[in-house]
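Beneath this line is the structure, given in structure tokens, with notes to follow.
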Amino acid sequence: MAAAGPSVFLLMVNGQVESAQFPEYDDLYCKYCFVYGQDWAPTAGLEEGISQITSKSQDVRQALVWNFPIDVTFKSTNPYGWPQIVLSVYGPDVFGNDVVRGYGAVHLPFSPGRHKRTIPMFVPESTSKLQKFTSWFMGRRPEYTDPKVVAQGEGREGENAEAERLKAAQLMLPFSSQ
Amino acid sequence: MGLPGEGGWDVRRCGRGEGTELPAAGPEEMVSENPHLGNQPEPLQEDSDTRPLSMTTRRGPRSLPPIPSASRTGFAEFSMRERMREKLQAARSKAESTLLQEIPTPRPRRLQSPGEKELETEFGAEPGEEAQKTQQEDDSQSRSRVKFRDSVRKIKTKPPVPPGFPSAEEAYNFFTFNFDPEPEESEEKPKAKNRDGTTQEEEEGEEEEPPVQGIHKTDEQLLISATEAEAFLWGLDHAAADFVAVRPADYESAHVRLQMEKELLFVPSRLTVPTYKKLPENVQPRYLEDEGLYIGTRPDVPRTCQNIMENRLLTQEPGRRWFGDDGRIVALPNPIKPFPSRPPVLTQEQDFRAELETLYKKAVKYVHRSQHMIGSGDSPGNFQLDIDISGLIFTHHPCFSREHVLAAKLAQLYDQYLARHQRNKAKFLTDKLQALRNAVQTGLNPEKTHKSLDTTQKTINEYKSEIRQTRKLRDAEQEKDRMLLKTIIKVWKEMKSLREFQRFTNTPLKLVLRKEKVDQKADEEAYEAEIQAEISELLEEHMEEHEQKMEAYRAAYQQWKAWKKAQRAKKKKKKQAVEEHPEEEMGEPYPEEDPVKPVPPEPTDRALMEHQVRERAARSRRRPGEPLLVPELSLAGSVTPNEQCPRVEVLRREDVKRRSIYLKVIFNDKEVSRTDSRPLGADFRVHFGQIFNLQIFNWPESLTLQVYETVGHSGTTLLAEVFLPIPETTIVTGRAPIEEVEFSSNQHVTLDHEGVGSGMPFSFEADGSNQLILMTSGKVSNSVAWAIGENGIPLIPPLSQQNIGFRSALKRADAISSIGTSGLTDLKKLAKWAAESKLDPNDPNNAPLMQLISVATSGESYVPDFFRLEQLQQEFNFVSDEELNRSKRFRLLCLRSQEVPEFRNYKQIPAYDREIMEKVFQDYEKWLRDRNVIETKDHIDPHRAMVAKYLQQVRESVINRFLIAKHHFLLSDLIVEEEVPNISILGLSLFKLAEQKRPLRPRRKGRKKVTAQNLSDGDIKVLVNIIRAYDIPVRKPTASKFQQPSRSSRTFSEKHAASPTTHSPTHSADYPLGQVLVRPFVEVSFQRTICHTTTAEGPNPSWNEELELPFRAPNGDYSTSSLQSVKDDVFINIFDEVLYDVLEDDRERGSGIHTRIERHWLGCVKIPFSTIYFQAKIDGTFKIDIPPVLLGYSKERSMIIERGFDSVRSLSEGSYITLFITMEPQLVPGESVREKFDSQEDEKLLQATEKFQAECALKFPHRQCLTTVTDISGKTVFITRYLKPLNPPQELLEGCPNNPQATAELVARYVSLIPFLPDAVSFAGICDLWSTSDQFLDLLAGDEEEHAVLLCNYFLSLGKKAWLVMGSAIPEGPTAYVLTREQSHYLIWNPCSGHFYGQFDTFCPLKSVGCLIGPDNIWFNIQRHDSPLRINFDVTKPKLWKSFFSRSLLYPGLSSVQPEELIYQRTDKAAAAELQDRIEKILKEKIMDWRPRHLTRWNRYCTSALRHFLPLLERSRGEDVEDDHRGELLKQLGDYRFSGFPLHMPYSELKPLIEAVYSTGVHNIDVPNVEFALAVYIHPYPKNVLSVWIYVASLIRNR
């Protein structure tokens, strides 16, 4: 490691988690965090965030609008391990327990400018029908030990029982990176 | 900045356009992201379009579309007009007043023209938009606009023109500026603001300074914004009416909802997409493959998936770039290799490097020696040719009798017949003929023909000619068949007659003609039909021929006629001429050839033809009705015995018997072997059945068999030579067919008996006519093949040895010959095969093959002389390999990805090479270099250095083994999922549902555990809660300084008796009751972070304070394995805070207090971090490790006893501290590796252990039950194998021969002196490795198990009853202790400290007992309690202890893994002394280092005094010397205030010693005139076990 600090490049990201489409659920909030490689380090801004709870809009779109701002700056020496934003959406189930409604991850845009990303969300499925029932009943759905897992490939092959449910979740993230 | 009106137009248009399209394209739009501009109100507008009109009222005005309705627009227009009029008037009045004063310049002229111009440019600039607008908008609307415009015009003309105006541009800008914010505002404003917006507008209108001309000039903009304005004005009017609308609650039926979801969610269909949809319109799919272009195999994707994908692409990305010309999704060729290839498994890094090392070898030129020699470079030729000679048959031999000759002939004919019959060519040809006729029939049929007449005629003609040929062939074949049959019969007849004639038979041949009946009628019909068909064909042919001939005839005739005429004319002329010149003309006609008059061809005669056909049929074919004759040759006949034969025949037979045959095998003109000599049989067959294995070195050139005949005892004659073909390289033993090679000789032999001889004429006829000359001939049946070596490789000489011309090309095409089997050597075959198997010549996979074939066939000589696996690799190499290797950054990245420990957590690898320091690698390289070099610098003792090295290596190998396992995740590692609940849990949870959310009596909930994945520095804290301490040593009064203290009545040796000690009255007298005995405080240091509590008072202080220490993982790596290997300890030091008065002058006492705080170390508790990590929390009372001698302090036992506390606590010496330690957040400890180790144990035993453990776990899941352990080589071993009596060092036994208890203590002490090193640390929590006692003593490091095993073994050898106790203790957690049975009671030994406790000792650290292990059995605790206080250790009671080996499973007598006997070397005393000096020196340096700002003085006198004193301590094992020592010391150092203590440790490394000294904080004293003393003593025990004593002290001179 150079004494003066190696020369780095910066990736500045600002944007927002705009809205989501979860036709089945309401009153959701979302968390975001970033997963990045070893050569990356956040220099400014918030690495994690948790949004307000939003209700569905009353119109046809039934969008869940958060407009939750993201502002973070990374520095790095290596494009390897380019940051990914990991979003996880939570909301109450029938019994009022907070359960996870979706995980999703996407790489930050590679080019400067406004970008909009739509991230498909999924949740891990229970391994059996019985477990599905009990997990529904007890309000403890299967969830990842860490949301950051969704941005990693390692060990995912074990999730053979995971049936991904695609939700059309519209998360619009206009990024600018430089 | 565009015009506001324009903006409005744009948005509007856009919205409307979409709105009209929306119902159709709705779902698509929602999924795809393109049409949205991120404009939120927009969709609202879209929706409102689709909604009924009445609903629009509650929308914002902006969202209201101009509804195409004439009346409404009329109304809107009207109101608008009204409004404008008002505005204008207001503005005008104002403008008149203001502007008239300002600008008096008359510009009435320009007033109109700019407006018009503007109008033109405005619309001219956007003609397209206008057009679109007009198109899209309804007529009514445009009409309304026109009207509106007119109205504005009207207004425009009306007002009187004020004299002064700003320029047109100014006005324009002004207006645009003013109007600009307004629409946006209205866009964003909620509906409540609508009215404000409009009023604002009005106000704005009023505020405008030049309102009139503004309106005049910008009427066009107004126009444009008019529609917009109209929109909300119109809406406003309505809103004004029913602004507060009462409407029913929104209800969405599920159906509607579903419908909406259907719109929202896009589910691609699974149906196949028709091709035309995927292609641009009017484009036919184009199949490249059919055009001969190469298309690789596409990856295998299920049909439904493809369909779904296609459907999705079609709707989502209609750009259609996704589909190729053939209408399928564009795809690259399948990248999956047909055969899996696996990189070599790298066992160890070292090997892997060695394997990958490139060896440079100098190129060796291949020397072509002679063709027949094998090059020296090749392996010495051990090639083998197998020649199998099975037998020999003579087709003629001089000894043949006539009958034999006939028999041979018959046999030959019969063979021929059989062969022909098998082939059955006649039948084949007949069938072909039939097929051709059919073809002609169908071809002639006009209805069926689709092709043009031309081609039909042509094919028919072709067919016909073929029919002709086939018929001829068939006839020939049939004739031959028939002839053959006839000949066979004839020969057989001859033979029969011969046999009859000579009245004996020589051969067993017998011919039987079998007749097969045929259906005469059908046969006749078929025959007739055949003939008729033939005749008709022939007729046709003849007709054609006739026709042709007629044609030719006619032509010829014409010619002839012409000629005739001419002739006649000539003749006439001639006549005339002759009359004139008769002589001249006479000869004239003769030179000209007189054309013969052509004869007209005869028409074919049907009858004649039929006759011909029939004749031929009769000749060649079986007559109808005639039975089929099938000859069968058998050897069923009997040969006439010799007695019945005439003499000549007997002679012949005897002659035959005398003859014998053998063969010589000649290889390359050299005889290599010969067969046995076999007699010639009566049937002239010789059976050899011999196989010759020719070991050859050279390529065979010729292979010959020589047939020799021996007659009687006379010489042998060479009958014939048989040349055998050299087999092809593909023919190897086992696959070679038996071949028959014919031979013949030209010998002339005449014999004087019945034998016909050879080369001699003879005849069967009596008259000697029809002579035959037969030569000796025969067949050798043999097979020649290449042998196969042991490893399956054919033993064939290399190709290079074969003839040169053919091979040179091959040799250069190394690629092929290396891949290729020997079949590839024949290029023609290869090419043929390639053509036959329809290899795609465009497939890149086949490229080399194709190239080779083209080279071979075209004769071009260029073949690349190298072979590459990745032929394109070089194109993609952007730097050369050397350059890449030189790159430091690349290297760093590689090392990191290999998870080399030094670089595993390297963050922010610099982007440029120049920023990487060379020293980054230095350590690593050094480590690589030194890994096998034992280095003694860090380790003072060479033996320990070796051990450390060894441990390091074991650790590395184990870690390497488990690095892979670390990357293997289970589902549970990633996903938290509830287990499948059983009924009780389910019931409980049901019950829980009914529970109150906030119960009055809250229950404790477990902390959530955190996986150590995404933690960073500062996230983890170690919480130490110090509650209280007991029995802290108290200060001794300084008054006792000058008096020689009496020996304390209380002795440490009494502790075992556990009897209350008497107290010394003098002591209590020394202390006034109110005086502070001690002011202890606790200091916790961890990773050099220090926290301390407040100071309490008294020997039994209570702090109850929580200290928080941050934890920092090594290298910032918070992975589980890294945390497990943290070796740091938490030091909990107890100090006494002493205040010293430092006032120099007593006179100042009245005015101020000057004291100095000193702290005196009293003792410490050391808890390894790994224990905290694995235990999650540590809660209990611990014994404080107090140095044996604590100068100035004594235990204040007497007072406690006096005050009657001792009934509360059990009497036990030592001080105790109650602690609670945990980590925040709680970390999930690493799990042991899920790996089953292999074992050498009996399978049955292993099964039993599993069963036993399962049973135990079922009953008491928390009790430790151990049956098998892993030994140091990673094998599973049954645990009892570790226990075996082993001899302790003789030296220890001799110590106190009469006191077995003392001996036991000494042994325990010896064991405890072996350093403790937890396996969990050395093996990263992976597994618990058990080393045997000798390994343990060699390594001199181990954890509880090793200590316990060794101690237990010693006790066993001392004759005690001893067991290993597996249980849990504080602070170690799961651990191993040793239990011994004394006469009446049990003792529990802590093997690591050497202490022992009675069973009922409350301060015994062992808290629970899981199982006991003896040398021959395992007992699991099945009592209700597991605390040693409450259980019975009598293992003979099966109700209390479940034993592993019982009557059902008898102890099989397992052998021990321990050695027979331990051998102890005496430790080198000199080395120990040297080590002692070095340690002392190093420690002194360290202390000076720790005091950088002060001068450190060493008191030599004191040091030497201490040095003398330390051996005493060792001898007495730290007890019983205090007072003597104190007295002596005090005597010697009379005027010094002395604080110090001896530390005692087992010796492992230097670092723990330094840490221990540091933790005492002796160096922290900063009194100016302090002096230090430090002495080290090492007492060597056998086998390099060293006991280290360090005495540190600080001295302050008393004045």
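Worth knowing before you read on, the calculation uses all heavy atoms, side chains too, and leaves out hydrogens, waters and symmetry mates. First the proteins, then the strands, lettered A, B, ... as listed; each starts at 1. This is a predicted model, so every value here is computed, not measured.
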remark   = Tightest non-hydrogen contact, residues Ala911(B) and Ser7(A), listed as CB-O, 4.0 Å
request  = Locate the shortest heavy-atom distance separating Pro23(A) from Arg257(B); write the atom from each residue and the value.
outcome  = O-NH2, 3.7 Å
query = Side chain, backbone, both or neither: which part of Leu892(B) has an atom under 4.5 Å from a heavy atom of chain A?
reply = neither
Name each donor-acceptor pair under 3.5 Å that joins a side chain in residues 39-46 of chain A to protein atoms two or more places apart or in another chain, with its distance.
unit_1: Asp39(A); atom_1: OD1; unit_2: Arg896(B); atom_2: NH1; d: 2.7
unit_1: Asp39(A); atom_1: OD1; unit_2: Gln908(B); atom_2: N; d: 3.3
unit_1: Asp39(A); atom_1: OD1; unit_2: Ile909(B); atom_2: N; d: 3.0
unit_1: Asp39(A); atom_1: OD2; unit_2: Asn78(A); atom_2: ND2; d: 2.9
unit_1: Asp39(A); atom_1: OD2; unit_2: Arg896(B); atom_2: NH2; d: 3.0
unit_1: Trp40(A); atom_1: NE1; unit_2: Ser76(A); atom_2: OG; d: 3.4
unit_1: Trp40(A); atom_1: NE1; unit_2: Asn78(A); atom_2: O; d: 3.0
unit_1: Trp40(A); atom_1: NE1; unit_2: Tyr80(A); atom_2: O; d: 3.0
unit_1: Trp40(A); atom_1: NE1; unit_2: Gly81(A); atom_2: O; d: 3.1
unit_1: Thr43(A); atom_1: OG1; unit_2: Thr73(A); atom_2: O; d: 3.2

Euclidean distance, Glu261(B) CD relative to Glu24(A) CD, rounded to 0.5 Å = 6.5 Å
task = Side chain from CB out, backbone as N, CA, C, O: work out which of these in Val35(A) comes under 4.5 Å of a heavy atom of chain B, or both, or neither.
result = neither
